*Asks:* 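Dropping a structure here in structure tokens format, bear with me for questions.
As the structure is a prediction and not an experimental result, all values here were calculated from the model. Chain letters run A, B, ... following the sequence lines, proteins first, then strands; residues in each count from 1.
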Number of protein chains: 2
Amino acid sequence: MVKRVSLWDAGCPVARALDVIGDWWSLLIIRDAFDGVRRFNEFQSGLGIAKGMLATRLRDLTARGILETAPASDGSAYKEYVLTEKGRGLFLVIVALRQWGEDHLYGPDEPRSSLIATETGAPVARLELRAGNGRVLTWDDTEVIKISTI
Amino acid sequence: MVKRVSLWDAGCPVARALDVIGDWWSLLIIRDAFDGVRRFNEFQSGLGIAKGMLATRLRDLTARGILETAPASDGSAYKEYVLTEKGRGLFLVIVALRQWGEDHLYGPDEPRSSLIATETGAPVARLELRAGNGRVLTWDDTEVIKISTI
DNA sequence: CCGATCTGGTTTCATATCGAGACCACTTGC
DNA sequence: GCAAGTGGTCTCGATATGAAACCAGATCGG
């Protein structure tokens with residue numbers, strides 16, 4: 001049986017995260033959820049995703065604790081999908097993707113959307129990785145170590 | 001013709017980024033590249049990816065300017081795949097995924113790897129989103145606006 | 001310097017997954 | 001009460017994936 005490979009057990013948090021939200025649609029659904037989308041039809045028409053796919057993705061994301069269903073906020077009998085605390089934790093992943101996309105995937109004159117702080121109306125700052133002492137780090141200032149429990 | 005949907009033209013940097021690196025393997029390949037993996041065989045045995053898939057992914061990532069080939073650093077006639085500047089820009093995406101995975105996908109006693117600053121040996125700080133004025137922002141302190149060129 | 005092995009792929013094949021659209025039950029609007 | 005909207009499920013053909021066979025050129029052992 002040819003099955004999609006899972007790297008859940010690889011012990012790397014990146015692999016495990018991608019095992020959960022690394023498919024084609026999940027992060028786009030989550031992005032829309034951050035933008036306030038809650039209803040099945042809104043997701044479907046906004047993303048152009050096939051209904052069957054969307055149903056599967058919403059079920060998986062709910063089962064994995066990233067979304068949860070709630071009664072419709074407008075009082076109708078329908079339900080809504082909203083981000084859990086765990087799901088909201090993906091915000092910085094979305095922001096990191098957004099900043100990379102803005103930097104590398106647009107021509108200088110291409111229109112694009114922008115993330116701003118509601119309070120000030122100004123664009124947010126760039127994400128930065130810092131050491132515990134506050135120093136800004138680049139990729140080659142860091143390394144991955146194995147933590148063993150032995 | 002049923003083709004995998006592309007959201008390149010949606011005007012959202014997140015969608016455009018996922019169009020480039022949003023498939024199952026790309027970010028894992030890039031993660032390994034950050035960890036110093038450079039040769040075809042290293043990627044293949046490390047990830048357990050099928051050779052055909054790996055060849056396709058390496059070609060795509062190279063064509064999209066995320067990897068580039070270079071002569072082998074050990075003087076042999078083989079080539080190596082190394083991250084371009086654009087590819088290195090994905091570091092914070094990997095870090096964001098790593099931190100989310102560490103927070104939400106491990107039991108308290110499960111062994112995991114950790115990202116440390118080489119200089120101090122201490123774990124890196126959490127990523128934070130800040131406004132232009134330095135204030136830390138959460139997801140509902142922000143909004144996405146359309147920038148029009150009209 | 002010659003055969004064995006390693007590297008870096010390509011090709012082929014069976015199966016899994018995806019996208020499109022038909023279909024359907026329940027809800028809501030009129 | 002009936003038409004339209006919502007939130008799905010089912011089926012089908014097209015595509016992508018994983019495994020394995022195969023292969024050319026580079027390297028290694030002797």
*Asks:* Using atom CD of A:Q44 as one end and atom P of D:dG8 as the other, report the distance to the nearest whole Å.
*Replies:* 11 Å
*Asks:* Under 4.0 Å between a side-chain N/O of B:W25 and OP1 or OP2 of D:dG18, yes or no?
*Replies:* yes
*Asks:* Any salt bridge linking A:D23 with A:R57? Criterion: basic side-chain nitrogen under 4.0 Å from a carboxylate oxygen.
*Replies:* yes
*Asks:* Heavy atoms, side chains only, cut-off 4.5 Å: are B:W100 and B:L105 in contact?
*Replies:* yes
*Asks:* Which nucleotide sits closest to the side chain of A:K51: D:dG8, C:dG19, C:dG8?
*Replies:* D:dG8
*Asks:* Pair B:T118, A:E143 - check side-chain hydrogen bond (donor to acceptor under 3.5 Å, both in side chains), show working.
*Replies:* CA-CA 6 Å; B:T118 304; A:E143 61 191 282; 3.2 Å; yes
*Asks:* Check whether any side-chain nitrogen or oxygen of B:R39 sits under 4.0 Å from OP1 or OP2 of C:dC6, and answer yes or no.
*Replies:* no
*Asks:* If I take atom CG in residue B:L47 and atom P in nucleotide D:dG18, what distance separates them, rounded to the nearest angstrom?
*Replies:* 11 Å
*Asks:* Using a strict cut-off of less than 4.0 Å between a Lys/Arg side-chain nitrogen and an Asp/Glu carboxylate oxygen, indicate whether A:D74 and A:R39 qualify as a salt bridge.
*Replies:* yes
*Asks:* Could you tell me the separation between the CG atom of A:L28 and the P atom of C:dC18, rounded to a whole number of Å?
*Replies:* 14 Å
*Asks:* For a quick check of understanding: with a heavy-atom distance under 4.0 Å over all strands, which category does B:Y81 fall into, base, sugar-phosphate or nothing?
*Replies:* sugar-phosphate
*Asks:* Could you check how far CG of B:L54 sits from C1' of C:dG9, rounded to whole Å?
*Replies:* 10 Å
*Asks:* For a quick check, tell me whether the side chain of A:Y78 and the base of D:dG8 share a donor-acceptor pair closer than 3.5 Å.
*Replies:* no
*Asks:* When you look at A:S113 and A:R98, which way does the side-chain hydrogen bond (donor to acceptor under 3.5 Å, both in side chains) test go after all the steps?
*Replies:* CA-CA 9 Å; A:S113 62; A:R98 166 178 284 280; 3.3 Å; yes
*Asks:* Could you check which of C:dG9, D:dT9, C:dT28 has an atom nearest any side-chain atom of A:A55?
*Replies:* D:dT9
*Asks:* Would you tell me if any nitrogen or oxygen in the side chain of B:R38 comes within less than 4.0 Å of OP1 or OP2 on C:dG8?
*Replies:* no
*Asks:* Grab the CD-C1' distance between A:E80 and D:dG8 for me, whole Å please.
*Replies:* 16 Å
*Asks:* Of the nucleotides D:dG7, C:dG8, D:dA19, which has the atom closest to the B:A50 side chain?
*Replies:* D:dA19
*Asks:* For C:dC18, take OP1 and OP2 only and decide whether either is under 4.0 Å from a side-chain N or O of A:R57.
*Replies:* yes
*Asks:* Is the phosphate of C:dG9 approached by B:K79 (side-chain N or O, under 4.0 Å from OP1 or OP2)?
*Replies:* yes
*Asks:* Over how many whole Å does the gap from B:D23 atom CG to C:dC18 atom P extend?
*Replies:* 12 Å
*Asks:* Report the residue (A:S76 or A:M53) whose heavy-atom-nearest nucleotide on DNA chain C is the more 5′ of the two.
*Replies:* A:M53
